[in-house]
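Input: a single structure, listed below in structure tokens.
As the structure is a computational prediction, the values presented were derived from the model and not from experiment. In what follows, chains carry the letters A, B, and so on, assigned in the order in which the sequence lines appear, proteins first and then strands, with residues in each chain numbered from 1.
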Number of protein chains: 2
Amino acid sequence: MRIGELAEQAGMTTKTLRFYEQAQVLPQPARTASGYRDYDETSLARLRFVRAAQGAGLSLAEIRTIITVREDQGPPCGHVTALLDRHAAALDERIAELEATREEVRRLRDRAATLNPAACSEDGVCHVIPTH
Amino acid sequence: MRIGELAEQAGMTTKTLRFYEQAQVLPQPARTASGYRDYDETSLARLRFVRAAQGAGLSLAEIRTIITVREDQGPPCGHVTALLDRHAAALDERIAELEATREEVRRLRDRAATLNPAACSEDGVCHVIPTH
DNA sequence: GTAAACGTTCCACCGCACGGCAAGGTCAAG
DNA sequence: CTTGACCTTGCCGTGCGGTGGAACGTTTAC
């Protein structure tokens, strides 16, 4: 199977496939006599796995560790479980940060609605955003 | 006032100040005869404003637009209000995305707890992450 | 006079997941 | 034989907010 064909089936570009190969989330395929990449049927399954893992917010580096663990030690369930736990915690933290920022933005928005533009002092940039 | 002094008072590095100048959120200061930057008292207020605006999640590019509007048209209240509204909407969207990802991660985590590692098929990478 | 502690410019790099383009090789159809 | 569609490698650019280092000039203290 040629690269363009696989890319089409996976809904990705050939660029992405070559990038995944370099990122070691897609194994180096066989080559034809003239140097063309020649993929087997397992490649599409691998690409689907990568996409599913990305859907869970995993980076290519993290996906690579799962693949490496699998190749070295068999089913990577323990590794994946720990990875997912860490990810859930990181997401909690990130969401909390964004929610705090959202609250700050809303506070400022309300402030903007009550302040008089004419009262904006000369020497600041904007009295809606307090500097302390 | 020299750059190191201002940096210390603002709790930033000299690198950051020069970067802000290039990003046009900090005006180009006067120079001494030998070419050293020579800041006035308004600079610290400006840096505090930048930091406060960053705290509300505004990018340097957005902060620059506020400053530009202020310089061109006076108090930028209307501009800032619109900016904050757009930001609140973007934050809502981003938080919703992350929450969806978090749900997906938790679903997978629960799945990992119930699946038998020995049942992991030979030809996939990890049966915890389904490739539907 | 000299050494330390500052200052200057410019260029490169970080993570992340690709996209664009160039210069060339290969393969099938007409 | 030629055209066009495909493939190869390689290197640079993207956005964001800086950080690091090199190579060199200035100021201050002793």
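Contact check on A:Arg106 versus B:Asp85 returns no salt bridge, with no Lys/Arg side-chain nitrogen under 4.0 Å from an Asp/Glu carboxylate oxygen. A salt bridge is defined here as a Lys NZ or Arg NE, NH1 or NH2 lying under 4.0 Å from an Asp or Glu carboxylate O, and B:Arg31 with B:Asp38 fails to meet this definition.
Atom CD of A:Glu5 is separated from atom P of C:dC27 by 16 Å (rounded to the nearest Å). Separating the CG atom of A:Leu17 from the P atom of D:dT9 is a distance of 13 Å, rounded to the nearest angstrom. A straight line from CD1 of A:Ile3 to P of C:dT26 spans 17 Å, rounded to a whole angstrom. Remark: P of D:dG17 and CG of B:Leu60 are 5 Å apart, rounded to the nearest angstrom. The separation between A:Glu21 atom CD and C:dC18 atom C1' is 15 Å, rounded to whole Å. One can place OH of B:Tyr39 at 7 Å from P of C:dT8, the figure rounded to the nearest angstrom.
Between B:His79 and B:Gln73, the closest side-chain pair of non-hydrogen atoms is not below 4.5 Å. The closest side-chain heavy-atom distance from B:Leu26 to B:Leu17 is below 4.5 Å.
Remark: the B:Lys15 side chain and the D:dG21 base include a donor-acceptor N/O pair separated by less than 3.5 Å.
Close to D:dG25, at under 4.0 Å from its OP1 or OP2, lies no side-chain N or O of B:Tyr36. Residue A:Arg31 places at least one side-chain N or O closer than 4.0 Å to OP1 or OP2 of D:dT9. Distances shown here put every side-chain N or O of B:Thr13 at or beyond 4.0 Å from the OP1 or OP2 atom of D:dG18. One finds no side-chain N or O of A:Arg18 lying less than 4.0 angstrom from the OP1 or OP2 phosphate oxygen of C:dA17. One finds no side-chain N or O of B:Gln22 lying less than 4.0 angstrom from the OP1 or OP2 phosphate oxygen of D:dC16. Residue A:Arg37 places at least one side-chain N or O under 4.0 Å from the OP1 or OP2 atom of D:dT8.
B:Glu62 comes within contact range of no nucleotide atom at all, as no heavy-atom separation falls under 4.0 Å.
Remark on DNA chain D: of its neighbouring residues B:Thr32 and B:Tyr20, the 5'-side contact belongs to B:Tyr20, judged by nearest-heavy-atom nucleotide. Closest-nucleotide positions on DNA chain D for B:Ser34 and A:Asp38 were compared, and the one nearer the 5' end corresponds to A:Asp38.
Nearest to the side chain of B:Arg2, among D:dG17, C:dG7, D:dC6, sits C:dG7.
Within a 6.0 Å sphere centred on CD of A:Glu99, heavy atoms belonging to other residues, nucleotides or ligands number more than 12.
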